[in-house]
There are 2 protein chains.
Amino acid sequence: MSTTRTPSGPQDFTREGGSTMIGARLRRLSERIDGDAGRIYAESGIAFEQRWMAPMRLLSLHGPLSVREIAAALGISHASVSQARLSLHKARLISWTTDPTDARSRKLHLTASGRRMVERLAPIWSALMAAAIELDAEAEGTVAALERLDRALQRSSLYDRASAHLRRQTRA
Amino acid sequence: MSTTRTPSGPQDFTREGGSTMIGARLRRLSERIDGDAGRIYAESGIAFEQRWMAPMRLLSLHGPLSVREIAAALGISHASVSQARLSLHKARLISWTTDPTDARSRKLHLTASGRRMVERLAPIWSALMAAAIELDAEAEGTVAALERLDRALQRSSLYDRASAHLRRQTRA
DNA sequence: GGTATATGCGTAGGCACCTACGCATGTCAA
DNA sequence: TTGACATGCGTAGGTGCCTACGCATATACC
């Protein structure tokens, strides 16, 4: 490090800045974890996108499911599921049929190849699960902390909170 | 919700899947927080990218700084800083000079317009900071939990942990 | 039956980062 | 001085989501 090193240090600076501090750290940790998982697949010689894991697991346990159902189960937007659907289809891991009760809806299911992939990935997923549990324990409750954050945001979003503070400032 | 609702429920499913469970939640929370912050700027009629906040604050406190120094201070890649630099420049918020002691390096600084923007945004940043602190308290230690996770990952990455579990499986 | 509203989901563009690669410059050792 | 290695950073492509928009279909109500 050069002599022009910031006085507060790299970690200390991310401690400042409010929402950036939380949002940025969340994102960076997420990128790190996604990257690590991706490396496990790559090392095993398997062309696999990390974002495929949750929908594939869900379909193997509970399929067939519609885009909306998958989105709801995973807590993500239907648009994300729709986009993942295309890449999963291209990889021949899923296919779909039109829902006979609703022409707007499609029921996604694993292909035979998709089911084989799920079986092939079972040891890797099991290892990733074990690693995550170990990590959670070592970090003393990451998942619980994220749930508490989630609930706090549901009670009142960062937007609502910041808006309230801004109004208070305006009035002071 | 339709009758084909997954038996384990949306929140329950993200509880499964190991690294996905942590990585995906981190990302989603990060998106939510970034989105909320973006809304505050937009509502104030200010065209501002959330990713500009940290570098601009840093430059206002400690500038001028090189791409590498900013990256180190913020804990992100130089490539990210380099990319943000272009958009910040386009918005006339920063400019740079070549470092006289190292021809490869450029020293970024806020423009006059950038300094005015920092002043203009001070109340918003202050509100976002207050909101984040409130959120952290209400969620009972988000930042502390993220730090513990960060340290746990530094001790041993998810990749290393999962690899070890895979080797254990292979031997069992 | 007709109209207004709700719902499912595809598509486009965007976000804030990442890694990989490569060029230019700086440093160090022989 | 020269060659090997390190460092700064630009560029490209990619990640896994997001929101906005819009079309088609379903539902509710009069």
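By convention in this document, chain letters (A, B, ...) are assigned in the order of the sequence lines, proteins followed by strands, and residues within each chain are numbered from 1.
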D34(A) and G23(B) have their tightest heavy-atom pair at OD1-CA, 4.3 Å
Comparing I76(A) with T101(A), nearest DNA chain D nucleotide closer to 5' gives the residue I76(A)
>> Measuring to OP1 and OP2 of dC18(D), would you say a side-chain N or O of S77(A) lies under 4.0 angstrom away?
In response: yes
Rounded to whole Å, the CZ-P distance (R25(A) to dA16(C)) equals 19 Å
Atom CG of D34(B) and atom C1' of dC17(D) are separated, to the nearest Å, by 11 Å
Applied to residues 86-107 of chain B, the ring pair (Phe, Tyr, Trp, His ring centres under 6.0 Å) test, sequence neighbours excluded, yields H89(B)-W96(B)
Contacts of R92(A) meeting side chain to side chain donor-acceptor pair (under 3.5 Å) (sequence neighbours excluded), chain-then-number -> none
Heavy-atom contacts, protein to nucleotides 1-11 of chain D, under 4.0 Å, summarised as B (base), S (sugar-phosphate only) or - (none) per nt, yield -----BBSBBB
To the nearest angstrom, the CG-C1' distance between L88(B) and dA16(C) comes to 13 Å
D36(A) CG to dT15(D) P, in whole Å, measures 16 Å
L108(A) CG to dG8(C) C1', in whole Å, measures 12 Å
note: L29(A), atom CG; dC17(C), atom C1'; distance rounded to Å ~ 13 Å
State plainly whether the residues E147(A) and R151(A) are in salt-bridge range, i.e. N to O under 4.0 Å.
yes
Taken to the nearest whole Å, CZ/F48(B) to C1'/dG14(C) is 17 Å
Residues pairing under ring pair (Phe, Tyr, Trp, His ring centres under 6.0 Å) where one sits in residues 97-124 of chain B, two or more places apart or in two chains, turn out to be none
Whole-Å distance, Y41(B) OH to dC15(C) P, equals 14 Å
Phosphate contact (dA16(C) OP1 or OP2) by S80(B) side-chain N/O below 4.0 Å: no
Please set out all donor-acceptor pairs under 3.5 angstrom arising from side-chain atoms of residues 129-143 of chain A, sequence neighbours excluded.
from: E134(A); atom 1: OE1; to: H165(B); atom 2: NE2; distance (Å): 2.9
from: E134(A); atom 1: OE2; to: R161(B); atom 2: NH1; distance (Å): 2.9
from: D136(A); atom 1: OD1; to: T142(A); atom 2: N; distance (Å): 2.8
from: D136(A); atom 1: OD1; to: V143(A); atom 2: N; distance (Å): 2.8
from: E138(A); atom 1: OE1; to: R161(B); atom 2: NH1; distance (Å): 3.0
from: E138(A); atom 1: OE1; to: R161(B); atom 2: NH2; distance (Å): 3.2
from: E138(A); atom 1: OE2; to: R155(B); atom 2: NE; distance (Å): 2.8
from: E138(A); atom 1: OE2; to: R155(B); atom 2: NH2; distance (Å): 3.0
from: E138(A); atom 1: OE2; to: R161(B); atom 2: NH2; distance (Å): 3.1

Quick note, salt bridge (Lys or Arg N to Asp or Glu O under 4.0 Å) partners involving residues 46-56 of chain B, not counting sequence neighbours, are E49(B)-R51(B)
Winner on side-chain proximity to A103(A), out of dT25(D), dC18(C), dG16(D), is dT25(D)
